[in-house]
Amino acid sequence: MSPVSTLADAVLPLIRSRSDLYRYSAANAHGRDMHDAIDILEAAIPATDPAEVYSVTHKALASSLKVIARADDSSGIIGDGCRRLLELHPRAAAAARTPVGKLIDWMMKFQFDDDEVDYFELDPVAYAPALGEVGMAVYRKRLAEVQAKLGPRPSEDERWTSGRSHEWFTLDWNARRLAVLDHDIDAIIRTHAKDRKVAAWLEDTAEALEEIGEIDLAIDWAKKATDFDRGHQSLKAADYWCGLLEAHRPSEGFDARLSVFRKWPSSTSAARLHKAAGKAWTDYRDEVVATLAASPSDAVLFVLLTLKEPQFAWNLAHSLALDSDHTWSELVKAYEKVDPIATLPIHQRLVENELVEAGAQHYRLAARRLATMRKLSAGSDQAVEVDGLIAELRETHRRRPRLQQEFDRAGLP
């Protein structure tokens with residue numbers, strides 16, 4: 001048996017499938033098989049003829065797209081496998097010295113003529129080594145021919161209803177990536193920032209500038225995205241901006257984190273500020289805690305998870321009238337080690353809140369929490385009260401057989 005057939009026989013059966021993949025569990029199981037196949041493929045690269053690697057990669061990619069077209073990939077496992085193959089494909093093509101004309105034909109068909117799957121992009125930057133200068137010139141010409149056939153460019157709003165939105169999106173994507181390939185700063189700004197009306201576009205511009213090594217410009221554009229407004233896109237850009245500063249201008253990182261916290265106070269931004277502050281943290285502790293008090297859940301989670309002060313978090317939760325069951329649940333897990341008996345009333349409230357909704361999952365969580373309460377109260381005066389609570393709940397919900405079953409499974413009296 002030849003090495004080609006050995007590699008293909010090891011990889012392709014794990015990629016292909018005739019099974020019904022519209023079931024979530026079946027799709028996930030097949031997705032895991034796909035990743036195993038790609039692991040085998042990647043491990044074989046150093047000792048395998050590049051032409052064989054490319055052949056198997058190309059076939060695996062084609063098969064993976066057929067699979068995802070008829071699968072419930074809600075978890076994204078199959079999609080991640082497709083993306084791994086899309087990242088490997090240009091490298092394999094370059095190593096195998098795939099005929100340029102054939103590769104360009106495939107790239108055009110993949111992007112413009114595949115009616116079944118159109119939600120993956122090809123990166124011309126990644127394919128540049130395989131295409132070479134002459135091949136890239138031909139590829140650009142083919143893109144221009146597609147654009148010429150589309151006629152006048154529609155406005156941004158009209159594009160999505162033009163009936164050719166996919167073609168315009170693909171052309172714009174290629175324009176952005178080719179601007180990066182060319183290290184053309186003006187083209188990057190034009191194709192990424194567009195009319196500068198969306199914060200995410202400004203962050204895209206910064207990322208492209210970082211990719212070509214224009215760090216100072218990347219920082220400037222990331223700051224523009226951060227300052228755009230107070231929306232979630234600007235918040236995302238803010239973390240990127242801070243990361244750029246910490247990597248390239250570390251002396252400016254703390255001030256950036258502080259400004260972000262003051263604009264978007266949360267347990268997350270506070271945790272990042274705490275990390276950046278280092279020895280200066282004590283100068284800002286009171287301000288951070290006081291600011292977070294407006295959101296009790298954020299304040300408690302920050303003190304608990306970042307400062308790791310369960311007693312302070314416990315006191316804060318009570319003084320701020322914390323009403324988040326999720327945060328209370330996190331808090332009692334930590335505070336059980338400090339004062340297990342004190343957590344029992346909170347556990348009881350969480351159990352009662354869980355049982356407001358019917359359903360096996362609610363019953364199961366309530367039963368587990370009650371079992372925890374029995375362990376915490378064992379040997380104390382509260383043990384009898386906990387068992388009394390369980391008896392009361394069994395009686396109150398006597399017409400919920402599934403609840404009784406979950407209580408029995410948890411070993412409750």
Side-chain angles (χ1 to χ4, degrees), residues 7-45 53-93 103 105-127 130 159-174 176-177 198 200-201 203-204 207 211 232-233 235-236 239-240 359-361 364:
L7 183 58
D9 289 345
V11 171
L12 297 180
L14 294 173
I15 299 288
R16 296 166 176 164
S17 176
R18 294 182 179 178
S19 302
D20 176 10
L21 298 179
Y22 286 113
R23 290 182 297 111
Y24 180 79
S25 59
N28 287 352
H30 185 71
R32 289 188 287 271
D33 287 344
M34 290 176 64
H35 283 277
D36 289 342
I38 300 167
D39 290 341
I40 294 170
L41 178 56
E42 291 177 338
I45 291 174
V53 173
Y54 176 73
S55 175
V56 175
T57 301
H58 193 76
K59 292 176 182 176
L61 177 56
S63 295
S64 71
L65 297 176
K66 291 179 181 178
V67 166
I68 198 171
R70 56 182 181 79
D72 175 7
D73 191 39
S74 303
S75 66
I77 297 175
I78 294 176
D80 286 344
C82 293
R83 278 180 278 274
R84 287 181 67 187
L85 288 168
L86 284 166
E87 290 177 5
L88 179 58
H89 190 268
R91 302 200 305 270
L103 184 58
D105 286 344
W106 174 83
M107 292 174 69
M108 298 301 294
K109 183 176 187 302
F110 181 96
Q111 295 179 96
F112 295 101
D113 297 331
D114 192 333
D115 296 328
E116 196 168 28
V117 175
D118 62 2
Y119 37 85
F120 293 110
E121 297 89 27
L122 298 183
D123 185 359
V125 176
Y127 281 94
R159 192 179 75 176
W160 300 109
T161 57
S162 69
R164 309 306 294 270
S165 60
H166 172 68
E167 287 89 341
W168 283 114
F169 172 85
T170 303
L171 288 168
D172 288 349
W173 162 259
N174 274 276
R176 290 195 295 272
R177 296 308 295 156
V198 178
W201 296 347
E203 184 182 0
D204 289 344
E207 291 175 348
E211 187 176 351
H232 69 278
Q233 290 184 354
L235 174 57
K236 177 178 175 293
D239 189 50
Y240 175 62
Q361 180 67 11
R364 192 175 302 117

Hey, what do you get for [atom1] ([X]) to [atom2] ([Y]), rounding to the nearest 0.5 Å?
X      : Y      : atom1 : atom2 : answer
Ser165 : Asp172 : OG    : CG    : 11.0 Å
Asp73  : Tyr22  : CG    : OH    : 12.0 Å
Leu85  : Asp80  : CG    : CG    : 11.5 Å
His166 : Leu171 : NE2   : CG    : 9.0 Å
Trp173 : Thr170 : CH2   : OG1   : 10.5 Å
Leu65  : Tyr119 : CG    : OH    : 8.0 Å

Can you tell if the side chain of [X] reaches within under 4.5 Å of the side chain of [Y], non-hydrogen atoms only?
X      : Y      : value
Leu122 : Met108 : no
Asn174 : Gln111 : yes
Gln233 : Glu203 : no
Met34  : Ser64  : yes
Leu61  : Phe120 : no

If every non-hydrogen atom of [X] is compared with every non-hydrogen atom of [Y], which pair is closest and at what distance?
X      : Y      : answer
Ser63  : Arg16  : OG-NE, 3.1 Å
Ala71  : Ala27  : CB-CB, 4.5 Å
Gly81  : Ile38  : O-CD1, 3.3 Å
Leu103 : Ala93  : CD2-CB, 4.1 Å
Tyr24  : Ser74  : CE1-CB, 3.8 Å
Glu207 : Tyr240 : CA-OH, 3.3 Å

* To do: Please list, chain by chain and in numerical order, all residues satisfying salt bridge (charged side-chain N to carboxylate O under 4.0 Å, His left out) with Arg32, sequence neighbours excluded.
  => none
* Sub-3.5 Å donor-acceptor pair from the side chain of His30 to the main-chain atoms of Ile78, do we have one? -> no
* Spell out, as yes or no, whether a donor-acceptor pair under 3.5 Å connects the side chain of Asp36 to the backbone of Ile40. => no
* Structure fact -> The residue among Ile15, Thr57, Leu14 that forms side-chain contact (heavy atoms from CB on, under 4.5 Å) with Leu41 is Thr57
* To do: Run the numbers on Phe110 and Met107 for side-chain contact (heavy atoms from CB on, under 4.5 Å), then give the verdict.
  => CA-CA 5 Å; Phe110 181 96; Met107 292 174 69; 5.7 Å; no
* Asked: Under 4.0 Å between a Lys/Arg side-chain N and an Asp/Glu carboxylate O for Arg177 and Glu121?
  -> no
